[in-house]
Number of protein chains: 2
Amino acid sequence: MPKSKRLLEMMMTVNRKRKFTVSELANEFGVSGRTILRDLQELSELGVPLYSEVGPHGGYHVLKERILPPIAFSEEEAVAIFFAIHALRHHTSLPFETESSSALNKFYQFMPPDIRDRIDQMKRRVDFVTPKRQASSPHLSTLLDAAIQQKVLSITYETRGQQSTREIQPIGIYTKNGLWYSPAYCYQHQDIRVFRCDRIHDVVPSALTPLDLRDIHLENRQVKTVEDQDTVHLFAELTIEGVQACEAELWLASMLHVRQDGSGWLEGNVSRSDILFFAKFLIGLGKEVSVQHSPEIIDGIKAYLAELMNIYSQ
Amino acid sequence: MPKSKRLLEMMMTVNRKRKFTVSELANEFGVSGRTILRDLQELSELGVPLYSEVGPHGGYHVLKERILPPIAFSEEEAVAIFFAIHALRHHTSLPFETESSSALNKFYQFMPPDIRDRIDQMKRRVDFVTPKRQASSPHLSTLLDAAIQQKVLSITYETRGQQSTREIQPIGIYTKNGLWYSPAYCYQHQDIRVFRCDRIHDVVPSALTPLDLRDIHLENRQVKTVEDQDTVHLFAELTIEGVQACEAELWLASMLHVRQDGSGWLEGNVSRSDILFFAKFLIGLGKEVSVQHSPEIIDGIKAYLAELMNIYSQ
DNA sequence: GATAATAGTGACAGGAATTGTCATAATAAA
DNA sequence: TTTATTATGACAATTCCTGTCACTATTATC
């Protein structure tokens, strides 16, 4: 094999095994150890972060960095990747230990200059916004790790300013709207609940035996949500603006129906304990909504309106 | 220069110039044309997408793909990049022509197997959610292009189901909550307004002379908003929940002040014509806000509340 | 239709770079 | 001390790379 090819292949091999000895590679490539030594030095000079130790149990390893082999990206792809990484900067917490900025810098650094120019021009003209929250979620990697390795955690969780302890087995984590959430099986409720990660104040491993939740993950967990409870029926007409406002709310998706002309209606069952919440939301929609059902919800709205009136009349 | 180095350098060079001839390279590298031909063939075999045409004005070009040279990423960085790109799949429209999935595949393909394993384990346990919208925004690249190149566009824009034509000069585009927006100078209003991209139905270049808005971009455009006009002063106390709700609204950023304990206040000048808008928004915040100034705004709120009461009392 | 500019191939000799071997250090674990 | 490992240098053998030359093929332009 000619040297140039060997070098490229060696780059990959060295990347795969993170630890290896010279004679090992010599066998694999069918060349002498001396040649391997010379090649490894060249790889070093090319930027592959190699590190060696002499003596028994010594050998080479690649530092924690890995080399990405040359990849052919189209310009569009490269730009898309750049902005995808760029968007990570909006997140105050991430489940990865790295600052995304270091990855971004490397990527930017290695772009051909004309793509760099294009990116520069776009940088202040395109953005993927995530609302900035001050709430930080320090336990993301622990939660994620528990989800992957099927571990039970004992957490202190804050609800309405009160702290309580719970045993949970996380299913995964996701971020939406600037906050992180973790759906997890809660041993206290014996059911899958969603926890807000910034309200999880303390996490320790629990001694409880984990359930086998390997087949439950972020994409299929919804199946488990409640159907039972004590509910009332909601029906509300929406103007075009009303529809547009509702579209912004993910949790309404299943209730929202849109007509051809852009107007629509909300229809579905609302848990009795959520009436106040819905009342507030519907008031927020103002005259863009006309609530027709049920009386309980309308009463809730009236009551809340009266409270507000009261406040503003003082 | 030894061949192996020449090949790597050639990879970059070929990437920089997208079009070149054999003799051009031969000069640059100080080798014969024959050698260049041989090298180019090797590059081809290594996956660099080269394409050649004979005859005058012929020559080589790289297909639209570019080669990314070998980059050293740490494992954490690689994983972060993967999920950043993965998150793009939530967007129904993007200003790039590419499907992000192709970039993702390439990236994944070239990862060392152990990182691939790690990604596989995480894939269904981590997500960056953006609400899925049915509304698609087909003109994103046109708008972005206009923002970069300082062009004026004539658009048909839908408000309240009515179509109108406007001349705008885009400042940039951003996505939030699954929808795309474009702040732009509107020649009809003679001011910077934010347009929802999915409501822009038709875009054609306009003959109007562009303004010089090169120094106005997504990050500083707030500064330019009105200072003159007929305004009233807003001051409103916010509870912790109130602050969180306001943080979700980008346009409030300049008015929002947060205290150590998470509570805060809104303070700033509000154009008289926006009082109704603010009244609705503040009512939406319910008891999480206590409006203390100015009387005009409080009156606006009361009036709107009364209207609502009226509706719900029927 | 001639001309010039371009890519593409094959053969071959000379030269340059690569390789293997051997000798020898140095180091650290067992 | 022994052994497994990296590390370096020198040199001859040999592989491979390179340049040259002689072609062919294609196409834009005059």
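Owing to the predicted nature of the structure, the values given are computational and were not obtained by experimental measurement. Residue numbers begin at 1 in each chain, while the letters A, B, ... track the order of the sequences.
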With B:Q149, which residues qualify under side chain to side chain donor-acceptor pair (under 3.5 Å), at least two apart?
B:D145
Under the side chain to side chain donor-acceptor pair (under 3.5 Å) rule, collect the residues that match up with A:E9, sequence neighbours excluded.
none
May I ask you to establish whether B:R6 and B:F29 are in a cation-pi arrangement, using a distance under 6.0 Å from NZ or CZ to the six-membered ring centre and at most 45° from the ring axis?
no
Kindly write out the residues that satisfy side chain to side chain donor-acceptor pair (under 3.5 Å) with B:S32, not counting sequence neighbours, or none if the list is empty.
B:T35
Exercise answer: donor-acceptor pairs, residues 48-60 of chain B side-chain atoms, under 3.5 Å, sequence neighbours excluded:
none

Whole-Å gap separating P (D:dC17) and CG (A:L7):
11 Å
What residues in residues 50-62 of chain A put a non-hydrogen atom under 4.0 Å from any atom of DNA chain C?
A:V54, A:G55, A:P56, A:H57
Terminal helix-axis angle for the helix from C:dG1-D:dC30 to C:dA30-D:dT1, with five pairs defining each axis and rounding to 10 degrees
40°
Tell me which residues in residues 15-40 of chain B lie within less than 4.0 Å of DNA chain C, going by non-hydrogen atoms.
B:T21, B:V22, B:R34, B:L37
Does B:K123 qualify as a cation-pi partner of B:F83, given the criterion of NZ or CZ under 6.0 Å from the six-membered ring centre and within 45 degrees of its axis?
no
Parallel, tilted or perpendicular for B:F128 and A:F96, by the 30°/60° rule?
parallel
Would you please name every residue forming a ring-ring contact (aromatic ring centres under 6.0 Å, His included) with B:Y187, sequence neighbours left out?
B:Y185
Please determine if A:E42 and A:K3 form a salt bridge, counting it only when a charged side-chain N lies under 4.0 Å from a carboxylate O.
yes
Give a yes or no on whether the backbone of B:H86 and the side-chain of B:R89 come within a donor-acceptor separation of less than 3.5 Å.
yes
So where does chain A start and stop touching DNA chain C, 5' to 3', when the test is distance under 4.0 Å to a non-hydrogen atom?
C:dT18 to C:dA30
OP1 or OP2 of D:dT18 under 4.0 Å from side-chain N/O of B:R6
yes
Rounded to the nearest angstrom, tell me the gap between atom CD in A:Q41 and atom C1' in D:dT6.
12 Å
By side chain to side chain donor-acceptor pair (under 3.5 Å) - contacts of B:D212 (at least two apart)
B:R214
Quick one: list whatever passes salt bridge (Lys or Arg N to Asp or Glu O under 4.0 Å) with B:K106, sequence neighbours left out.
A:E77, B:E65
Residues two or more places apart in sequence or in another chain: which of them pass ring-ring contact (aromatic ring centres under 6.0 Å, His included) with A:F110?
none
